[in-house]
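First the structure, in the form of structure tokens, and then the observations on it.
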Amino acid sequence: MFLSVFDMFKVGIGPSSSHTMGPMVAAARFLDMMRASPFAFHGLRASLHGSLAFTGVGHATDRATILGLAGFRPDTYDDDKAEATLAAINETGTIELDGLGTLRFDPKADMIFDYDHALTGHANGMVLMATDAQGDVTLRQVFYSVGGGFVLTEEELAQGKATDEGDPIPYPFKSAVEMLEMAKSSGLTIAQMKRANEVSRGCEESLNRGTARLWQVMNDCINRGLERDGILPGGLKVRRRAKGIYDALMAERGMNLTAPHTINDWMSVYAMAVNEENAAGGQVVTAPTNGAAGVLPAVLRYYLDHVPGASEKHMEDFLLTAAAIGGLVKYNASISGAEAGCQAEVGSAAAMAAAGLCAVMGGSVEQVENAAEIALEHHLGMTCDPVKGLVQVPCIERNGLGAIKAVSAASLALRGDGEHFVPLDAVIETMRQTGQDMHEKYKETSLGGLAVNVPNC
Ligand code: SF4
């Protein structure tokens, strides 16, 4: 199994990796299929199923799908161009595409929310269709958005776990136990093994350049979130809070008046800044998803700005270690809220961030595994119940708390010697089973939990 650090951390747009980025990626793949087909097409149609239908409006899934069908991709997304394109589609009922010409697409009729027919493969299902001159479907593809912006066709999903057809990698660990064993026999850290795997599929220079860009986008996102005020879109009237808290923290700095636990507010404010940007549809990095995108950047920024002796030269080790842990969770359980609840999103993010922090603070491989285990263990059972289907409540604050737990988990692990009672593999498996048993209403459908108990004004 090889999941690159660039699979785990992808530059994209908010508010959701599974409900916004994934559908856009699926649409881009569908356009490639159309271009490869010998047939001429005259129209497009899309239907959303399961969680994509239930929380699609709040997550802007329809918008992302239409833009994807119009040729937009998450990594090169341009908001101004997107608005102009959507306005043109609404006005003309057509989409203009390079190599495919002018295709009929009336958003009111051709963008379907199917609440009654969930697809069997995964909670996040969608069907994309191309039609002929008579409006009959001549190309149809089922896609599943399986979390973190990853997309599989129906056929790929049926084949089981995503296959890796690349060259063998030097350290192909599929579990935490294997990771610990390989680290022991090679004498390498997790980051060093992960780096060797990455370089075997690319080159050192592009790895360094790519991780530097990831951190740049994460950090820019934090800074934008700390500067912006106002009401978030979507109708819940949630006010952005990061700027106000940050301004207050800056004003208090050096005054010797604050309680020691104020440091938690710094971790929270960095995470909330990211998730407010995400909720506003801004540029974020999946870590491992958009909904949980604030935890890891917040912990890395906390490390760089608040931990004595911290250095940006450790940033890559942080990201590589975190990506290794995220890969284990994704491979053996899930990073998707629609599949396993929020334990799979914010829980995974906290495990990744805790591992990264523990590693750059000098933790042994065993301590790093312990840090990830503590962080994930104490998110077990957490449901996904976003109010009004928006990635705002509880998501924004939850990322702040996820960051705090991640830092605490790393700190606790560093106070031990790496010996611990619960193995990381056991927690990952528990998370998988708990997710499987979790009622559908707690898996990103907004049919239960806070979504039905918070007065919705
Ligand atoms: S509750 Fe958690 S899993 Fe659900 S949308 Fe919010 S951050 Fe994602």
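In each ligand, atom 1 is the first atom listed, and ligand 1 is the first ligand listed.
Every atom of ligand 1 is numbered from 1 in the order shown, and the set under 4.0 Å from a heavy atom of Glu345 is 3 (S), 8 (Fe). Short contacts between ligand 1 and Cys384, defined as distances under 4.0 Å to a heavy atom of the residue, involve ligand atoms 1 (S), 3 (S), 4 (Fe), 5 (S).
Backbone or side-chain N, O or S atoms of Cys395 do not reach atom 2 (Fe) of ligand 1 at under 2.8 Å.
Under 3.5 Å, the side chains of Arg228 and Asn223 contain no donor-acceptor pair of N or O atoms. Of the N and O atoms on the side chains of Tyr270 and His306, at least one donor lies less than 3.5 Å from an acceptor on the other residue.
Rounded to the nearest 0.5 angstrom, Asn124 CG and Leu152 CG are separated by 11.5 Å.
The protein atom (non-hydrogen) at minimum distance from atom 2 (Fe) of ligand 1 is Cys342 SG, 2.3 Å.
Under 4.0 Å is where a charged nitrogen must lie from a carboxylate oxygen, and between Glu83 and Arg63 at least one such pair does. Checked for salt-bridge contact, Glu227 and Arg240 miss the test: no charged N lies under 4.0 Å from a carboxylate O.
Of all the heavy atoms of Arg398, the ones lying under 4.0 Å from any atom of ligand 1 belong exclusively to the side chain.
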